[in-house]
J.: 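Would you mind keeping the following structure in view while I ask a few things?
Note: hydrogens, waters and symmetry copies are ignored here, and every other heavy atom, side chains too, is used.
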Amino acid sequence: MEEQIKSGIYHERQRLQFCLLHALNNLFQKVAFSRTDLDGIAEELNLDDPTPVNWNPISVVFKPHHNLFTGNYDVNVLIASIERKGKNIVWHDRRNGASSISFLDGSEDDGLMGIVLNIPVKRYGGLWKNRHWVSLRKINGVWYNLDSDLKAPIAFEDVHEVRVFLDSVILAGGEILLVMNGKQQD
């Protein structure tokens, strides 16, 4: 926590499977969402679903868009959350590689607020496979990896290093979602 205060960079650490909650708050650099907010969004998405899930004892815990106890929110919750803040998600076409993301060189005023990644992870010696949400954001002209699994944010040396990192995410089967300011489609 002291490191966060010194650096001036907001960074939430991983707790249970709330990585989307942490990724969103790290992206917005403040407590922009609470667990209650994301649970509410997930429930709204469930109510709006034209093909509702039939009730069973397991569905009490494992909801369509999240796990009631541990979090583990899906991409629909991410998109709805981002849109509520007046932002837009653009899914990066992984076939093009990170070199095609022209917004990395610009400022936040150029449209790109940050990047959210969904990466495959193996835990407990590879016995448990899951996916993990991670945010990247340019703060004061420097790109940072704000992964909630890290003890502190890690600064990238330059845009080239960001692109190399993003290409490694694509190679590992991860997804790149660009968070754009406003509702424009780029």
J.: So, do Asp158 and Trp143 sit near enough that their side-chain heavy atoms are less than 4.5 Å apart?
T.: no
J.: Distance from Ser81 atom OG to Leu38 atom CG, nearest 0.5 Å?
T.: 4.5 Å
J.: Please report the closest heavy-atom contact between Arg94 and Ile170, naming both atoms and the distance.
T.: NH2-O, 2.8 Å
J.: Using only atom types and a distance under 3.5 Å, with no angle test, would you say the side chain of Asp167 pairs donor to acceptor with the backbone of Ala98?
T.: yes
J.: Taking it one step at a time, do Leu24 and Ile82 satisfy side chain to side chain contact (heavy atoms under 4.5 Å, CB included)?
T.: CA-CA 8 Å; Leu24 286 167; Ile82 292 291; 3.6 Å; yes
J.: Under the 3.5 angstrom rule, does the side chain of Asn88 hit a backbone N or O of Met180 as a donor-acceptor pair?
T.: no
J.: Looking only at non-hydrogen atoms, find the nearest pair between Leu136 and Leu27 and report the distance.
T.: O-CD1, 4.0 Å
J.: State yes or no: do Val162 and Val164 share one hydrophobic cluster built from I, L, V, M, F, W and Y residues joined by side-chain heavy-atom distances below 4.5 Å, directly or via other members?
T.: no
J.: Side chains of Leu166 and Leu104: closer than 4.5 Å at any heavy-atom pair?
T.: yes
J.: Determine the interplanar angle of the Phe28 and Phe33 rings, folded into 0 to 90°, and report it as parallel if under 30°, tilted if 30 to 60°, perpendicular if over 60°.
T.: perpendicular
J.: Where do Asp149 and Arg13 come nearest, in terms of heavy atoms and distance?
T.: O-NH2, 4.0 Å
J.: Hey, does Arg131 have a side-chain heavy atom less than 4.5 Å from the side chain of Pro120?
T.: yes
J.: With a 3.5 Å distance limit and no angle check, can you tell me whether His92 reaches the backbone of Gly97 through a side-chain donor-acceptor pair?
T.: yes
J.: If hydrophobic residues (ILVMFWY) are linked whenever their side-chain heavy atoms come closer than 4.5 Å, directly or via other members, who joins Leu150 in its cluster?
T.: Ile154
J.: Does any non-hydrogen side-chain atom of Arg163 lie less than 4.5 Å from one of Phe156?
T.: no
J.: Which atoms form the tightest heavy-atom contact between Ser100 and Asn96, and what is the distance?
T.: OG-CB, 3.3 Å
J.: Can you find a heavy atom in the side chain of Trp133 that is under 4.5 Å from one in the side chain of Leu177?
T.: yes
J.: If we ignore hydrogens and angles and just use 3.5 Å, is the side chain of His11 paired with the main-chain N or O of Asp147 as donor and acceptor?
T.: yes
J.: May I ask you to test the Asn118-His132 pair for a side-chain heavy-atom distance under 4.5 Å?
T.: no
J.: Ignoring hydrogens, what is the shortest heavy-atom contact between Ser135 and Ala23? Give both atom names and the distance.
T.: OG-O, 2.5 Å
J.: Less than 4.5 Å apart, side chain to side chain, heavy atoms only: is that true for Met113 and Arg137?
T.: yes
J.: Do side-chain atoms of Asn25 reach the backbone of Ala32 as a donor and acceptor pair under 3.5 angstrom?
T.: yes
J.: So Glu83 and Ile89, do their side chains get closer than 4.5 Å, heavy atoms only?
T.: no
J.: Under 3.5 Å, is there a donor-acceptor pair between the side chain of Gln29 and the main chain of Tyr10?
T.: yes
J.: What's the verdict on side chain to side chain contact (heavy atoms under 4.5 Å, CB included) for Ile9 and Leu146, showing C-alpha distance, side-chain angles and the deciding distance?
T.: CA-CA 9 Å; Ile9 297 173; Leu146 302 167; 3.8 Å; yes
J.: Run the side chain to side chain contact (heavy atoms under 4.5 Å, CB included) check on Arg84 and Ile41 step by step: do they pass?
T.: CA-CA 10 Å; Arg84 287 184 183 198; Ile41 291 169; 3.3 Å; yes
J.: Are Tyr73 and Trp91 connected into the same hydrophobic cluster when the rule is that any two of I, L, V, M, F, W, Y join if their side-chain heavy atoms are below 4.5 Å apart?
T.: yes
J.: Check salt bridge (charged side-chain N to carboxylate O under 4.0 Å, His left out) between Glu161 and all other residues, then give those that pass, not counting sequence neighbours.
T.: none
J.: Looking only at the side chains, is there a donor atom on one of Asn76 and Asp74 sitting less than 3.5 Å from an acceptor on the other?
T.: yes
J.: Quick check for you: to the nearest 0.5 Å, what is the distance between Ile176 atom CD1 and Asp93 atom CG?
T.: 10.5 Å
J.: Determine whether the side chains of Asp37 and Ser34 contain a donor N or O and an acceptor N or O closer than 3.5 Å.
T.: yes
